[in-house]
Amino acid sequence: DGGITQSPKYLFRKEGQNVTLSCEQNLNHDAMYWYRQDPGQGLRLIYYSQIVNDFQKGDIAEGYSVSREKKESFPLTVTSAQKNPTAFYLCASSNLRGYSYEQYFGPGTRLTVT
Amino acid sequence: GEDVEQSLFLSVREGDSSVINCTYTDSSSTYLYWYKQEPGAGLQLLTYIFSNMDMKQDQRLTVLLNKKDKHLSLRIADTQTGDSAIYFCAERAISNFGNEKLTFGTGTRLTIIP
């Protein structure tokens, strides 16, 4: 089945530790995205990538880092510099060769930092 | 910049129609989307509308677009308990880097009253 997988579904970390969230897609999509979701605030874009080995900051990139070494994979690292990392993180991908550019989402990872 | 606004909550009796509203500010939007998010899950694309259309119908879903007022609505006919979810509208715009970017609203939590 084609789709986007994120792992793990739940992640717990101690304050001061870096943590990496996984995102993999087998849809052959060019673009991939990371969003953060907080209650009552909708989705905010952290980073996005439209091609391998290239990525751009979104609206709230501070305290996060990404890499795009393979088309299928776009891992997100939440660093200790992120002041409020507890949130629900969503990965998405889209086909830039289409015309409607709809984004397909993974099931999300809920990160809790204590 | 882009801004997309929605009411946070809507309650509807089972069998009635639900109407979820959204306003946006970017007049250069080309596509507008409705996504559905069930508890603890990612977002699922429900439907989208191109900006030169004013209506799109897909089974129980009707999307209305008033481009002059920058107002988008999603009507769900014969609302069922399975429609309970958070509904996000999103607009497609061009970012400062010339790339496609989606801006999401805060989401409307739809609750069905038996």
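Chain naming here is simple, since letters A, B, ... match the order of the sequence lines and numbering starts at 1 in each.
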* Tell me, yes or no, whether the heavy-atom count around B/Leu8 atom CG, taken from other residues, nucleotides or ligands under 6.0 Å, exceeds 12. =>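 Enclosed.
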* Give a yes or no on whether B/Arg13 atom CZ has more than 12 heavy-atom contacts from other residues, nucleotides or ligands under 6.0 Å away. =>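 At most 12 heavy atoms, drawn from other residues, nucleotides or ligands, come within 6.0 Å of this atom.
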* Got a second to check how far A/Gln103's CD is from B/Tyr48's OH, nearest 0.5 Å? ->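 One finds 14.0 Å between CD of A/Gln103 and OH of B/Tyr48.
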* To do: Mind checking the OH-CG spacing from A/Tyr35 to B/Leu102? Nearest 0.5 Å is all I need.
  =>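 These two atoms lie 5.0 Å from each other.
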For residues 107-114 of chain B, tabulate all N or O donor-acceptor pairs below 3.5 Å that involve a side-chain atom, not counting sequence neighbours.
residue, atom, partner, partner atom, Å
B/Thr108, OG1, B/Gln6, NE2, 3.1
B/Thr108, OG1, B/Ser7, O, 2.5

* Asked: Quick one: which residues of residues 81-90 of chain A reach chain B at under 4.5 angstrom, heavy atoms only?
  ->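 Result: A/Phe88, A/Leu90.
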* For chain B, find its close neighbours in residues 5-22 of chain A: heavy-atom separation under 4.5 Å, sorted by number, or none. =>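 Contacts with chain B: A/Lys9.
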If you group Ile, Leu, Val, Met, Phe, Trp and Tyr by side-chain heavy-atom gaps below 4.5 Å, do [X] and [Y] land in one group?
X       : Y        : value
B/Phe50 : B/Leu61  : yes
A/Met32 : B/Tyr33  : no
A/Leu43 : B/Ile20  : yes
A/Trp34 : A/Tyr104 : no
A/Tyr33 : A/Phe55  : no

* Relative to chain B, which segment of A/Asp59 carries a heavy atom at a distance below 4.5 Å: side chain, backbone, both, or neither? ->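 Side chain only.
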* To do: Before giving the answer on side-chain contact (heavy atoms from CB on, under 4.5 Å), spell out for A/Gln37 and B/Phe88 the whole-Å C-alpha distance, their side-chain angles and the decisive distance to 0.1 Å.
  => CA-CA 12 Å; A/Gln37 184 179 15; B/Phe88 291 92; 3.3 Å; yes
* Asked: So, do A/Glu102 and B/Tyr35 sit near enough that their side-chain heavy atoms are less than 4.5 Å apart?
  ->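 Yes, close enough: below the 4.5 Å cut-off.
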* Asked: Mind checking which of residues 38-46 of chain B sit less than 4.5 Å from chain A, heavy atom to heavy atom?
  ->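 The list, in residue order, reads B/Gly40, B/Ala41, B/Gly42, B/Leu43, B/Leu45.
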